[in-house]
Amino acid sequence: MINLDDPKKFRPLASQAHQVAMNMLRPISRKYDRAEHEYPTELDMLAAMIDGLSESGAAEGAGAAGVRRDESKDKPGVKNGSNLASVMSISEMCWGDVGLLLSMPRQGLGNSAIASVANDEQLERFEGVWAGMAITEPGTGSDSANIKTTATLDGDHYVINGEKIYVTSGDRADAIVVWATLDRDLGRAAIKSFVVPKGTPGMRVDRLEHKLGIRSSDTATIIFENCRVPAENLLGSPEIDTKAGFAGAMATFDNTRPLVASMAVGCAKASLDLTRELLEQAGVEIDYDRPAMVQSAAAARFLQMEADWEAARLLMMQAAWMADNRQPNSLEASMAKAKAGRVGSDITLGCVELAGSIGYSEAELLEKWARDSKILDIFEGTQQIQQLIVARRILGLSSAELK
Ligand SMILES: Cc1cc2nc3c(=O)[nH]c(=O)nc-3n(C[C@H](O)[C@H](O)[C@H](O)COP(=O)(O)OP(=O)(O)OC[C@H]3O[C@@H](n4cnc5c(N)ncnc54)[C@H](O)[C@@H]3O)c2cc1C
């Protein structure tokens, strides 16, 4: 029999994350939405708490960093279920605040990249490092195979040159995982990722962006000018395997897309929970025993949004479960991200609409959640790109055959 409930063993973790979201993130949510670019110092204490729990093994996958294929159960820190644990706890944290979750020290998307492609020695060396991820460039967004930033081997160092834009935690993180090409003539197979520690000469933050949502999260433009990093900071293998193509780099996305889906699921749940309360206060009854079409328009709309939310949650769980069980999940990761990204935006905006003027007012957080959730349908691959990937996978077409 299929059991669609949350796995029992992760419920305590999810419930802990929910408490943290309610008691530590929600109270400072509006403050840092207004104080854009100001570092939320309250997060230092929270990050220390999560570090402590992780060391004791009680918070496996408590943040964005906790994702690695379970290739060997004997490896330290690698436990079956870390992807499921991550999506469940991250969605709870994002029920509190997406921007603050993205600002959590040591839980950057670069950490997921390290977890996905680093070798064992690198995993150990970069443990505890807070890493942002820099893929996007002024001329390269969705088409990440078109990266122009170069990395040239010079002795025992790589020299990086290029410009990266929209780097989440680009100013605050301890290091940036930078995607650069070893040889532009060799196409996508030559793209590798490099860990560049903060303060490395030749790497500088040029500016921070002002944004529609997730305003507590810093988003930086970073310039690399003859930036030298030790050759051993290239993540994974330096070999250019034209047969494997982009597979190595893309493995990161199979892990990070379910995480972004979980952020959308959490943010949308926050909107649904508050809207249900507001509707009840307004005397709207939502009856789960009667068809939506015979209920009030508001109740019917709410039920339809809840059904969309549930579908997104199940796809997110499936993609994470497959990663935990070493099953290829590119298709499911993109399906989860596409569904959650889209319905996340639809639901949060739908809740603003259902709540009317209260929804639009800063008196509640509904308007903020509608702003915050939009990014989750854009970064780590837009809605359209996820649909393209799903279509390619289902039709068995390559990226050259279906653009
Ligand atoms: C707040 C924020 C944080 C971010 N954080 C990071 C980060 O940490 N690291 C990082 O590397 N990047 C980050 N990004 C960048 C983000 O990943 C890109 O914005 C995203 O990949 C889209 O790229 P683009 O903006 O160049 O849009 P484009 O690729 O130019 O796309 C523009 C539009 O065209 C559509 N489109 C493009 N190609 C196709 C196609 N083949 N078929 C159909 N439609 C298509 C897209 O879906 C989109 O709607 C961030 C962006 C923002 C706004």
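Just so you know, ligand 1 is whichever comes first in the structure, and atom 1 is the first atom listed for that ligand.
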Side-chain touch Met305/Asp346, heavy atoms, less than 4.5 angstrom: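 Side-chain contact under 4.5 Å: no.
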Side chains of Leu100 and Leu43 in contact at under 4.5 Å (non-hydrogen atoms):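 With C-beta onward as the side chain, the pair touches.
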Verdict with reasoning, Asn329 to Trp321, per side-chain hydrogen bond (donor to acceptor under 3.5 Å, both in side chains): CA-CA 9 Å; Asn329 72 338; Trp321 181 89; over 6 Å; no
Over all atoms of both residues, closest heavy-atom pair of Asn83 and Ala320: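 For Asn83 and Ala320, the tightest heavy-atom pair comes out as CB-O, 3.5 Å.
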Side-chain donor-acceptor pair present, Lys164, Thr136, cut-off under 3.5 Å: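 No, no side-chain donor-acceptor pair sits under 3.5 Å.
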Side-chain donor-acceptor pair present, Thr149, Glu163, cut-off under 3.5 Å: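 No - no donor-acceptor pair under 3.5 Å links their side chains.
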Proximal ligand 1 atoms for Gln384, defined as those under 4.0 Å from one of its heavy atoms: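 Those of ligand 1 that fall under 4.0 Å from Gln384 are 43 (C), 44 (N), 46 (C), 47 (O), 49 (O).
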Element-labelled atoms of ligand 1 that are located less than 4.0 Å from some non-hydrogen atom of Met133: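 Per the distance check, 7 (C), 8 (O), 9 (N), 10 (C), 11 (O).
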Measure the distance from [atom] to every protein heavy atom, then report the residue, atom name and distance (to 0.1 Å) of the closest one.
{"atom": "atom 26 (O) of ligand 1", "result": "Gly141 CA, 3.1 Å"}
{"atom": "atom 19 (O) of ligand 1", "result": "Ile378 CG2, 4.0 Å"}
{"atom": "atom 4 (C) of ligand 1", "result": "Tyr166 O, 3.2 Å"}

Protein heavy atom under 4.0 angstrom of [atom], is there one?
{"atom": "atom 46 (C) of ligand 1", "result": "yes"}
{"atom": "atom 2 (C) of ligand 1", "result": "yes"}
{"atom": "atom 34 (O) of ligand 1", "result": "no"}
{"atom": "atom 50 (C) of ligand 1", "result": "yes"}

Check [Y] with [X], please: is the shortest side-chain N to carboxylate O separation under 4.0 Å?
{"X": "Arg30", "Y": "Glu367", "answer": "yes"}
{"X": "Asp156", "Y": "Arg228", "answer": "no"}
{"X": "Lys368", "Y": "Asp97", "answer": "yes"}

Trp179 six-ring face occupied by Lys192 cation (under 6.0 Å, within 45°):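 No cation-pi geometry.
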Could you work out, for [atom], the closest of [options] by heavy-atom distance?
{"atom": "atom 12 (N) of ligand 1", "options": "Ile135, Ile176, Asn146, Thr136", "value": "Thr136"}
{"atom": "atom 29 (O) of ligand 1", "options": "Ser217, Ser142, Ser399", "value": "Ser142"}
{"atom": "atom 48 (C) of ligand 1", "options": "Ile214, Leu388, Thr382", "value": "Thr382"}

Ile385 to ligand 1, any heavy atom closer than 4.0 Å: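 Ile385: in contact with ligand 1 (<4.0 Å).
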contact_flag Gly132 ligand 1 heavy-atom lt 4.0 Å: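 Contact absent.
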Between ligand 1 and [X], is the shortest N or O to N or O distance under 3.5 Å?
{"X": "Thr168", "result": "yes"}
{"X": "Ile375", "result": "no"}
{"X": "Asp143", "result": "no"}

Geometric class of the Tyr158/Phe194 ring pair [parallel <30°, tilted 30-60°, perpendicular >60°]: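 If you compare the ring of Phe194 with that of Tyr158, the planes turn out perpendicular.
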Region of Gln383 engaging ligand 1 - heavy atom pairs below 4.0 Å: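 Under 4.0 Å from ligand 1, Gln383 contributes no heavy atoms.
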